[in-house]
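This report refers to the structure that appears directly beneath it.
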Amino acid sequence: MKKKLAALLRNSIETCIGKEILSRGDILPVGVELPREGAHGDYASNIAMVLASTQKTNPRKIAGAIAGNIDDSEGILEKIEVAGPGFINFFIKKEAWISLLEEVDMQGDLYGESDAGRGKKVQVEFVSANPTGPLHIGHARGAVTGDVIASILSASGYEVSREYYINDAGTQMQILGKSVWYRYRELMGGGIEFPADCYQGDYIRDLAKKVQEQYGESLSQSDEKDAISILTGFAAGIIMEGIRDDLCAFGVIFDRYFSESELYRDDGVMRLLDELRGKGHVFEDAGALWFRTTAFGDEKDRVVVRENGEPTYFAADIAYHRNKYARGFDIVIDIWGADHHGYIPRMYAGIQALGKNKSALEIVLVQLVNLLRRGKPVAMSTRAGEFVTLREVLDEVGKDAARYNFLMRRSNSHLDFDLELAKEQSSDNPVYYVQYAHARIASIIRTAAERGHSVPRFSGIDAGLLGLPEELTLVKLIGQFPELIEGSAQSLEPHRITFYCNELASTFHGYYNKHRVVTEDEGLTKARLFLVAAVQTVLRNALRLLGVTAPEKM
RNA sequence: GCGCCCAUAGCUCAGCUGGAUAGAGCGUCGGACUACGAAUCCGAAGGUCGAAGGUUCGACUCCUUCUGGGCGUACCA
């Protein structure tokens, strides 16, 4: 609908230029938006006011000319008004709205999808937590945000791949191996003191027990360095397995797990350094190799190879992004915790040095979750072993409520997660409000079936019977769903979907309480049954994008 | 010190890229089931959009300064 109106406006502007009412100026994007006030029509455009400055004419005059030259050949417009300082307000014919319902009927589960991103390969990289311990609640927000962004892009026609980058080559991994080593030796007996700089969590003891099962006592005879090396890989493998299971239970499935060590195995990091050297982006200073990121707007240059000859994490990360583009991704999206924001200019410098345009990389920051228990902050540290695992939250709150909770806020806003409240609130969590609407419609359809009515096709109803204001509001909301997904994909904002779900459910509940669907009137019953079934389809499609189940009963 | 993010109803948050009279949920108060599910609905109260300037036809939205909170400022990852 939005697109149709924008096209009408563009045509009209061309006509006006042809008639020399307007002069040809800069090509401006024609904006069409939803007015807040119902009296201002179904859609409104401010194009006349935007044009006014370059045309040096009264915006109302321009608006009048554009409105007067609109060629509504499809006959979708009830009327056009010029209002206020120069808004052009569109009032859509009821029939035009209702005809959109046919698309729901035709497309079913695919309703809402578009091909806006057709032909483009996108990779969404998220979570990417080091395998040094189980995922905790702080990772959950990033996980669900990345997952849903990927789903939305996929629904918009992009070819999407979900990827998890495993940082398994750094010093943190050495600490993990060392931690397990000491716990293992404790098991072997011998009063060894457990170092303070090691991971304190109980899961390390569990890992040590697994080591014992696997290797017996044999390892304790080995050289410490060799043993730690073996244990690092062993522990990381088990932890990654647990992470995969937890994510799976959370409804997050990755297409690929990419290991940092892969980059070293195939000399990816070395090749990257050669490329940077070849392009003159690096220099040596104080025994280290530096990448001149300041040339791309960073505040200071960054080390890529340390004095001791070891490449930095940053070097590996650029190599990783180089690898992503080499795999053919047109756009790469990184979902990061907000504590990494200082890293952004560096990363952009990296991809630009590789000859990529800045637009090939999108970084979505997810603000950290502030964990509370009865209003009091809970310290979270993997090293100290103080954290609430994702698994525990899932067990207490459930997947649907947890996911919906995270999706109700803009990823850029801070979020308090109170463990006690989460549990108490789960009974009046908004997710149930939406799911209830879906289940309620399922129930209506069951009741209708008992009385001999099946859900008709669009061609089988008299659409003219859908004349109530509440019905029209529902139809409009349904009609806006495809635009919503497109906007959500463009802005990478999943929360728009949850707000839409709430609104659609709310409108439906209001309608349900005021009017009956199944009545003695055959024709009316059919029309209304079709309408609520369409609402149900949209709710189901929206919830599927969010990774939340749409129950028939609850 | 410098940089990024946040500040909107008592609380938790939206506000669609600068639009018209700033909206929801929770909470509070008052109402609605002998008909399709009351996990629902209807109504009321609740605001100097952190503060002060600026940009323009028009600002919650953009710019500057300030206040308060979070995060970051490694040859860690």
Side-chain angles (χ1 to χ4, degrees), chain A residues 31 33-37 39-40 44-46 49-50 52-53 58-60 83-87 89 128-130 132 167 169-173 260 285-290 299-300 302-314 316-317 337-345 365 367-368 370 408-410 412-416 418 421 425 427-433 435-437 439-448 450-451 453 480 483-484 487-488 490-491 493 495-496 498-500 502-503 505-506 508-519 525 528-529 532 553-554:
Chain A
E33 55 204 27
L34 302 171
R36 225 194 304 259
E37 198 72 23
H40 296 140
S45 177
N46 64 345
M49 290 177 290
V50 177
S53 56
N58 180 336
R60 279 198 69 110
F87 289 102
N89 295 338
S128 300
N130 296 356
T132 56
N167 300 139
T171 53
Q172 313 244 357
M173 296 310 297
E260 181 184 0
D285 185 48
L289 190 68
W290 297 71
E299 58 183 10
K300 54 179 282 200
R302 310 290 174 176
V303 171
V304 282
V305 179
R306 288 183 271 254
E307 209 173 343
N308 66 9
E310 292 280 320
T312 59
Y313 170 83
F314 178 45
D317 212 5
D339 54 338
H340 286 66
H341 65 80
Y343 201 77
I344 294 174
L365 287 184
Q367 288 294 332
L368 300 186
N370 196 15
M408 283 196 14
R409 288 158 179 84
R410 221 169 63 241
N412 214 345
S413 69
H414 296 94
L415 165 63
D416 289 342
D418 194 302
L421 278 178
Q425 281 181 350
S427 61
D428 62 0
N429 189 304
V431 71
Y432 298 112
Y433 183 80
Q435 288 181 319
Y436 183 55
R440 200 176 219 182
I441 293 169
S443 173
I444 295 172
I445 292 171
R446 283 193 296 270
T447 303
E450 283 167 17
R451 300 184 192 175
H453 304 286
Q480 286 158 7
E483 294 159 15
L484 171 87
S488 184
Q490 195 194 337
S491 59
E493 290 179 339
H495 74 276
R496 293 194 194 182
T498 52
F499 279 89
Y500 173 84
N502 280 331
E503 194 181 352
S506 168
F508 165 73
H509 284 311
Y511 173 61
Y512 173 88
N513 271 274
K514 204 166 166 187
H515 307 287
R516 287 190 58 80
V517 174
V518 183
T519 60
T525 300
R528 291 183 174 177
L529 206 49
V532 298
K553 289 181 180 178
M554 53 193 289

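Naming: A, B, ... by sequence-line order, numbering from 1 per chain.
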Using the [atom1] atoms only, state how far [M] lies from [N], rounded to an integer number of Å.
| N | M | atom1 | value |
| --- | --- | --- | --- |
| B:G47 | B:C63 | P | 29 Å |
| B:A39 | B:U34 | C1' | 22 Å |
| B:U61 | B:G54 | C1' | 15 Å |
| B:G18 | B:A59 | C1' | 7 Å |
| B:U40 | B:G53 | C1' | 49 Å |
| B:G27 | B:G10 | C1' | 8 Å |
| B:C62 | B:A7 | P | 10 Å |
| B:U12 | B:U48 | C1' | 22 Å |

Check the distance between [N]'s [atom2] and [X]'s [atom1] and give it to me in whole angstrom.
| X | N | atom1 | atom2 | value |
| --- | --- | --- | --- | --- |
| A:Q435 | B:U40 | CD | C1' | 15 Å |
| A:H340 | B:C5 | NE2 | P | 18 Å |
| A:L415 | B:C6 | CG | P | 15 Å |
| A:H341 | B:G72 | NE2 | C1' | 4 Å |
| A:R302 | B:U73 | CZ | P | 9 Å |
| A:H414 | B:A14 | NE2 | P | 12 Å |
| A:N429 | B:U40 | CG | P | 11 Å |
| A:Y500 | B:C13 | OH | C1' | 21 Å |

Any chance the side chains of A:R516 and A:T525 put a donor and an acceptor closer than 3.5 Å? no
Going by atom types only, do A:H414 and A:R409 share a side-chain donor-acceptor pair under 3.5 Å? no
Is the shortest side-chain N/O distance from [X] to OP1 or OP2 of [N] below 4.0 Å?
| X | N | result |
| --- | --- | --- |
| A:R60 | B:C57 | no |
| A:S413 | B:A14 | yes |
| A:R410 | B:A14 | yes |
| A:R496 | B:G15 | no |

Which part of the nucleic acid, if any, lies within contact of [X], taking any heavy atom under 4.0 Å across all strands shown: a base, the sugar-phosphate backbone alone, or nothing?
| X | value |
| --- | --- |
| A:L365 | nothing |
| A:P85 | base |
| A:F499 | sugar-phosphate |
| A:N46 | base |
| A:N89 | base |
| A:E307 | base |
| A:M49 | base |
| A:H495 | sugar-phosphate |
| A:A437 | nothing |
| A:A338 | sugar-phosphate |

Is a donor on one side and an acceptor on the other found under 3.5 Å between the side chain of [X] and the backbone of [Y]?
| X | Y | answer |
| --- | --- | --- |
| A:W290 | A:D285 | yes |
| A:T132 | A:Q172 | no |
| A:H509 | A:Y433 | yes |
| A:T312 | A:V305 | no |
| A:S443 | A:A439 | no |

5'-most contact on RNA chain B (nearest-nucleotide basis), A:N502 vs A:A83, goes to A:A83
Tell me if B:C33 is syn or anti. Syn = glycosidic torsion within 90° of 0, anti otherwise. syn
Based on the glycosidic angle (syn within 90° of 0, else anti), state the conformation of B:U17. syn
Please tell me which of the listed nucleotides, [options], lies nearest to the side chain of [X]?
| X | options | value |
| --- | --- | --- |
| A:R409 | B:C71, B:C13, B:C6 | B:C13 |
| A:E493 | B:A77, B:G15, B:C5 | B:G15 |
| A:Y313 | B:C13, B:C5, B:A77 | B:A77 |

Atom CD in A:Q435, atom CZ in A:R440: separation rounded to 0.5 Å? 14.5 Å
Apply side-chain hydrogen bond (donor to acceptor under 3.5 Å, both in side chains) to A:T519 and A:R528, showing your working. CA-CA 10 Å; A:T519 60; A:R528 291 183 174 177; 5.9 Å; no
With the sugar-phosphate defined as primed atoms, P, OP1 and OP2, and the base as all remaining atoms, what B/S/- string results for nucleotides 34-39 of chain B, 5' to 3', for protein heavy atoms under 4.0 Å? -BBBSB
Which class fits the ring pair A:H515 and A:Y511: parallel under 30°, tilted 30 to 60°, perpendicular over 60°? tilted
Can you label the angle between the A:H340 ring and the A:Y343 ring as parallel, tilted or perpendicular, going by 30° and 60°? perpendicular
How far apart are the closest heavy atoms of A:H341 and A:L365, and which atoms are they? CB-CD1, 3.6 Å
Test of understanding: with salt bridge (Lys or Arg N to Asp or Glu O under 4.0 Å), list the residues that count as partners of A:E483, not counting sequence neighbours. none
Under the 3.5 Å Watson-Crick or G-U criterion, the dot-bracket string of RNA chain B, with | for inter-strand pairs: (((((.(..((((.....[...)))).(((((.......))))).....(((((..]....)))))).)))))....
